[in-house]
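For the numbers below, each heavy atom of this structure counts, side chains included, while hydrogens, waters and symmetry mates do not. Bear in mind the structure is a predicted one, so any value in this text is a computation, not a measurement. When a ligand or atom number is given, it counts from 1 through the structure's own listing order.
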Amino acid sequence: MNILFYGQGLANDGWLEAMRTTWPDSDIQLWSAQLDTRWQADYALLWHPPVELFASQHQLKAIFNLGAGVDALLRLPGRPTEVPIIKLRNAGMDPWMFDYIHYGVLHFGRNFDHYRRQQQQKLWQPHASQAPNTRCIGVLGLGALGQTVAQRFRQLGYRVQGWSRGPKSIEGIDTYSGLEHLGAFLGRCDVLVNLLPGTEETCNLLNASRLAQLRQGTVLINAGRGTTLDPDALNHALDSGHLRGALLDVFHAEPLPSDHPLWARSDVIITPHIAAPTLIDEALQQIATDMQSLEQGLFVPHVDSAQGY
Ligand code: OXD
């Protein structure tokens, strides 16, 4: 079997070595423009591939996306639309995503934002902390990661609610679905955790009017896709004091342009898209199982390109 790898920003050597261990009998190649065009892959493992890659590969049975979000791959011109795309379904990312979001929940819930500012003024002034059961965490997007995150917060005693495009039922969690119920969902959150995928429908879903539906003092954590949030609307909602603060991992343009006002805000924490890294061993474990199922003609869940996830 021939397997192609390309991972923008990923550690090629580590991936190739682990792939050769996972598939010792396969021919594994790193894509480059110099790769002999007579060499055709059965499967491709890709993260942010260049447009030229697909021009030379004509026998792909499936593409494995080395991340949970498929927006970049779906946008790529020249992608063979008949080849199924399989994305990572958690693959060990969920504890990392949970830790990232939990950090933000604790940062604001235990008033570290206030204490950071007070430290600059050498001010010793305690603030009342909020107990988990008095805070409502709202998870926007109930895919594999969203569901796990919601359940982990529930286990810690938080009140948790979730919103998704279509109806979902998750034990112990109040769920809302459809745009017609988004306002009701937003109005009950103390912390809004956005894990929505980047699709045409979710583009700037969190705009000025939706942010205005949040309660005064809500905290926003965005670890899904940057395109789902209007950054200027967020800046304005923070300026007006309507929102208390934000933890942001993803942006419309990455890196966030250096002149963007969000960089300078003490009520915003910015991280460079690191919330849930792709883990080589766990990812290859999922992919190897999926590949085996495909070879046996069994069903493997794949991306619905019309929905965008
Ligand atoms: C992903 C990401 O999609 O890290 O997995 O952005």
A.B. asks: Determine, using ring centers only, whether Trp15 and Phe5 are less than 6.0 Å apart.
C.D. replies: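 Yes: the rings meet the under 6.0 Å criterion.
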A.B. asks: Under 6.0 Å between the ring centres of His102 and Phe153?
C.D. replies: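 Under 6.0 Å, so yes.
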A.B. asks: With heavy atoms under 4.0 Å as the rule, classify the contact between Met97 and ligand 1 as side chain, backbone, both or neither.
C.D. replies: neither
A.B. asks: Got an N/O contact under 3.5 Å between Thr278 and ligand 1?
C.D. replies: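 Not met; the criterion fails.
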A.B. asks: Closer than 3.5 angstrom, by distance alone: can the side chain of Asn207 be matched with the main-chain N or O of Arg210 as a donor-acceptor pair?
C.D. replies: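 A pair under 3.5 Å: yes.
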A.B. asks: Under a 4.0 angstrom heavy-atom cut-off, which atoms of ligand 1 come close to Arg225?
C.D. replies: 1 (C), 2 (C), 3 (O), 6 (O)
A.B. asks: Backbone or side chain, does any N or O of Gly67 fall under 3.5 Å from an N or O of ligand 1?
C.D. replies: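 No; every N/O pair is 3.5 Å or more apart.
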A.B. asks: For ligand 1, is there an N or O atom under 3.5 Å from any N or O atom of His273?
C.D. replies: yes
A.B. asks: Within a strict 4.5 Å, meaning less than it, do heavy atoms of the Gln125 and Tyr115 side chains meet?
C.D. replies: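 Of all side-chain heavy-atom pairs linking Tyr115 with Gln125, none is under 4.5 Å.
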A.B. asks: Identify, for atom 1 (C) of ligand 1, the protein heavy atom at the shortest distance, and state residue, atom and that distance.
C.D. replies: Ala68 N, 3.3 Å
A.B. asks: Just checking His114: does its NE2 atom have more than 12 heavy atoms from other residues, nucleotides or ligands closer to it than 6.0 angstrom?
C.D. replies: yes
A.B. asks: Can any side-chain N or O of Asp249 pair as donor or acceptor with the backbone N or O of Ala223 at less than 3.5 Å?
C.D. replies: no
A.B. asks: Measuring from non-hydrogen atoms of Trp96 to any atom of ligand 1, is the shortest distance under 4.0 Å?
C.D. replies: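 Not so, Trp96 does not reach ligand 1.
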